[in-house]
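Shown next, in structure tokens, is the structure this report addresses.
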Amino acid sequence: MMRIFNTRTGVKEFFIPQDPFEVKVYVCGPTVYDLCHVGHARTYVNFDVLKRYLTSLGYNVIHVQNFTDIDEKIDHRAKKEGLSPREVAERFIMEYFFDMDSLNVTRATRYTKASEYVPKIIKITERLLELGYAYRSGDAIYFDVEGAGGFGELVRDLKSAIVDEVRASGKRGPFDFVLWRITGEGFESPFGRGVPGWHTECVAMSMDNLGEVLDIHWGGKDLIYPHHECEALIAKALTGKRFVKYWVHNEFVLLKGQKMSKSSGERAYIRDVLKRYSAEVLRTWILSSNYREKIEFSEESLRKAQLLYEKISRAATKARGNEGMGQCAKDYAELFMSALDDDLETGQALSVVEELSDRVLEGKIEGAWRIFSLVESVLGIKIRPH
RNA sequence: GCCAGGGUGGCCGAGCGGUUUAGGCGGCGGGCUGCAGACCCGCUACACUGGGGUUCGAAUCCUCACCCUGGCUCCA
């Protein structure tokens with residue numbers, strides 16, 4: 001049985017979905033105001049492998065993923081380029097698909113956009129007001145964090161500095177967050193024209209498509225607080241149930257030792273990397289470490305991935321067509337699958353493949369093509385004839 | 001403070017209970033080259049932060065230290 005690290009409990013747990021044949025997953029997609037960088041690639045490629053793996057185990061994976069297309073950064077970019085926010089969002093949604101397709105990331109069952117869920121978001125906000133978990137203050141509807149039981153799903157302690165800062169803004173509690181901001185422009189609502197808060201958007205999109213309880217909620221580690229913590233609280237307030245069975249978060253890609261962040265300026269766009277390395281190499285690079293490890297983005301590590309990929313393709317080309325499975329090849333296949341079974345250890349799975357490749361190239365093993373076909377189908381790394 | 005993860009040969013980086021202790025970079029020697037680079041072949045390091053414990057046996061498990069990295073505003 002597969003084990004997966006749950007951020008909520010802090011340990012690897014056996015993966016048991018609510019339905020024995022179906023897995024409901026919500027993946028937090030990007031805010032579409034810029035091109036995707038290698039950090040995004042990592043998040044979606046890793047999830048893609050989890051999806052492929054679960055599918056290979058026989059699960060029907062329902063994968064819903066959003067685009068956050070209501071955001072100030074989108075408005076800023078639109079203003080700068082003389083476009084409408086919608087045009088900016090649409091453009092970067094297209095760019096997202098362009099990048100992810102080139103990396104062989106399979107498409108979600110359904111993609112959602114926050115802008116299409118505004119009526120549902122309003123409904124949720126009204127319901128929270130009715131239930132007494134939300135209140136109006138000034139030009140905003142806030143969620144009452146203390147009233148709903150406080151944080152604690154994913155985060156136990158918050159920096160005191162944040163508390164001081166937020167206390168000054170006239171909310172009931174320091175951590176209370178916005179459900180609806182009345183701005184006088186934007187979307188019509190019973191509270192006044194305005195824009196929804198980020199956290200409610202994801203609750204609306206996930207619940208509407210997947211129901212009240214998700215099996216897996218996947219996203220980058222940077223979303224743990226506040227985004228996912230707030231989502232969990234909103235959902236719990238609405239349904240009384242725990243929102244997510246397994247919270248899974250992807251570690252960062254570091255650039256010069258720092259997190260690659262859209263706002264800090266230090267980033268490497270996927271398409272720039274693909275000018276110098278093939279998509280298969282970039283994918284191999286991403287998968288050579290476990291999704292919970294930090295990785296440093298460097299030329300050296302990319303070159304290494306390139307060598308690994310070339311070795312695997314050479315061996316695969318040699319093994320192609322030989323479908324028989326000797327005992328030795330079977331052992332490798334088992335090692336490969338058990339690596340993925342243990343919290344999606346893709347790095348380990350690849351090192352199994354590397355060792356096998358060495359054996360194949362030395363002529364010590366034959367009939368290993370089926371394992372290379374797993375590299376293609378489960379890891380999603382296309383083998384090019386070499 | 002909280003969370004996660006580390007301390008392995010000149011460097012990067014696997015290994016996660018015992019056999020030949022990956023691999024890469026570098027370095028050294030050779031081949032190929034008018035020279036160099038690239039490429040190919042060979043050689044090169046018995047390393048594992050410190051104490052204590054478990055064990056016939058530990059880099060690998062337990063424990064106590066010490067040190068380091070990243071994150072905790074919007075962010076994948």
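Order of the sequence lines sets the chain letters (A, B, ...), proteins ahead of strands, with each chain counted from 1.
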Problem - Counter-base of B/rG26, judged by Watson-Crick or G-U geometry with both distances under 3.5 Å - result: B/rU44
Practice task
Have a look at A/Gly39 and say if it touches a base, only the backbone sugar-phosphate, or nothing, with a 4.0 Å heavy-atom cut-off.
Solution key: base
Practice task
Check every strand shown and say whether A/Phe252 touches a base, only sugar-phosphate, or nothing at a heavy-atom separation below 4.0 Å.
Solution key: base
Produce the list of close N/O pairs, under 3.5 Å, pairing protein atoms with atoms of nucleotides 4-9 of chain B; give distances to one decimal.
residue: B/rG5; atom: OP1; partner: A/Arg292; partner atom: NH1; Å: 3.0

Practice task
Please confirm whether A/Phe67 and A/Phe97 have ring centers closer than 6.0 angstrom.
Solution key: yes
Exercise for the section: Step through it carefully: locate the ring centre of A/Trp180, locate the ring centre of A/Tyr142, and say whether they are under 6.0 Å apart. Expected result: no
Practice task
Assign A/Asp222 to base, sugar-phosphate, or nothing according to its heavy-atom contacts below 4.0 angstrom with the strands shown.
Solution key: base
Problem - Distance, rounded to the nearest Å, where A/Asn290 contributes CG and B/rG15 contributes P - result: 10 Å
Practice task
Assign A/Val253 to base, sugar-phosphate, or nothing according to its heavy-atom contacts below 4.0 angstrom with the strands shown.
Solution key: base
Handout entry: Between B/rC3 and B/rU44 - C1' atom distance, rounded Å
Key = 43 Å
Handout entry: From B/rG15, B/rG23, B/rC74, nucleotide with atom closest to A/Lys73 side chain
Key = B/rC74
Handout entry: Identified ring pair (Phe, Tyr, Trp, His ring centres under 6.0 Å) counterpart of A/Phe47 within the set A/Tyr291, A/Trp218, A/Tyr53, A/Tyr26
Key = A/Trp218
Exercise for the section: Would you mind reading off the distance between A/Lys304 atom NZ and B/rG26 atom P, rounded to a whole angstrom? Expected result: 14 Å
